[in-house]
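Quick notes on the structure that follows.
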Amino acid sequence: MGPVSPSECLFCRIAGRGIETAVLYEDERAMGFRDINPKAPVHLLVIPKEHIESLLACGEEQKGILGHLLWVANRLADAENLARDGYRVVLNVGTYGGQTVPHLHVHLLGGRSFGWPPG
Ligand code: 5GP
Ligand code: ZN
C-alpha cells in the first residue's frame with residue numbers, strides 16, 4: 001500500500017464533503033457515517049478528518065486521535081441503540097488485515113451477533 005495524496009483519497013474527499021455522504025457525527029477531528037456496503041444491520045465508519053493511512057502509520061502523536069475515534073464509535077453505538085446487546089469495533093490494517101481504503105477508519109458493527117475468530 002503506497003502513500004496516497006489526500007486529494008485522491010476517498011475518505012479525505014468524504015471528510016472534505018467532496019462526496020455526498022449522510023454524516024451521523026462530526027467534530028473538528030472526526031466524522032462518522034454509514035458504510036456504503038453494510039456487513040451488518042448497523043455498519044458505520046469513524047474516520048479522522050486528517051489523512052492517516054492506517055494504524056501502522058500511527059505513532060505517539062496519534063494516540064489522542066486513536067482514543068477519540070473509539071470514543072466516537074461508542075457514542076454512535078449508543079445513538080444506534082447497540083449498547084444493550086453489544087457490538088463490534090474493527091480496524092482492518094494492511095493487506096492481511098483486509099484494509100481496502102488506505103485512510104484510517106474504525107468499523108462499528110451491530111444489530112446481530114458476530115462469530116469469532118474472524119474469517
Ligand atoms: P476496509 O476494507 O478498508 O477496512 O473498509 C473500507 C470500507 O469502506 C468498506 O466496508 C466499504 O464498504 C466502505 N466504502 C468504500 N467506499 C465507500 C464510499 O464511497 N462511501 C462509504 N460510505 N463507504 C465506502
Ligand atoms: Zn485520506
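Remember, it's 1-based here, ligands and their atoms both numbered in the order they're listed.
- Checking T100, I36, I19 against atom 3 (O) of ligand 1, the nearest heavy atom belongs to T100.
- R34 O, 2.8 Å is the protein heavy atom nearest to atom 22 (N) of ligand 1.
- Ranked by closest heavy atom to atom 11 (C) of ligand 1, the top entry among N37, D35, N92 is D35.
- Protein heavy atom closest to atom 1 (P) of ligand 1, with residue, atom name and distance, is H105 NE2, 3.1 Å.
- As for H103, its N/O/S atom nearest the Zn ion (ligand 2) is the one called ND1.
- Interface of Q99 with ligand 1, defined as ligand atoms under 4.0 Å from a residue heavy atom, comprises 3 (O).
- Under a hydrophobic-cluster definition in which Ile, Leu, Val, Met, Phe, Trp and Tyr are linked whenever side-chain heavy atoms come within less than 4.5 Å, directly or via other members, L55 and V90 are assigned to different clusters.
- Of the angles at the Zn ion (ligand 2), the one spanning SG of C12 and ND1 of H51 is 110° when given to 10°.
- Residue contact check: F11 has heavy atoms under 4.0 Å from atoms 8 (O) of ligand 1.
- L109 places none of its side-chain heavy atoms less than 4.5 Å from the side chain of Y87.
- Under the 4.5 Å side-chain heavy-atom criterion for ILVMFWY residues, a single connected hydrophobic cluster contains both V93 and V89.
- At a threshold of 4.0 Å, the pair E80-R75 does not count as salt-bridged, since none of the basic side-chain nitrogens sits closer than that to a carboxylate oxygen.
- Under the 4.5 Å side-chain criterion, counting only non-hydrogen atoms from C-beta, D78 is not in contact with N74.
- In terms of modelled atom types and a separation under 3.5 Å, the side chain of E26 and the main chain of A15 share no donor-acceptor contact.
- Linking Ile, Leu, Val, Met, Phe, Trp and Tyr whenever their side-chain heavy atoms come within less than 4.5 Å puts L82 and L69 in one cluster.
- Ligand 1 lies out of reach of L91, whose nearest heavy atom is not under 4.0 Å from it.
- At least one heavy atom of L10 sits closer than 4.0 Å to an atom of ligand 1.
- Each of the atoms 22 (N) of ligand 1 lies under 4.0 Å from some heavy atom of F33.
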Expected list for residues 38-48: side-chain donor-acceptor pairs under 3.5 angstrom, two or more places apart:
{"unit_1": "K39", "atom_1": "NZ", "unit_2": "N37", "atom_2": "O", "d": "3.1"}
{"unit_1": "H43", "atom_1": "ND1", "unit_2": "K39", "atom_2": "N", "d": "3.0"}
{"unit_1": "H43", "atom_1": "NE2", "unit_2": "D35", "atom_2": "OD2", "d": "3.4"}
{"unit_1": "H43", "atom_1": "NE2", "unit_2": "H107", "atom_2": "ND1", "d": "2.8"}

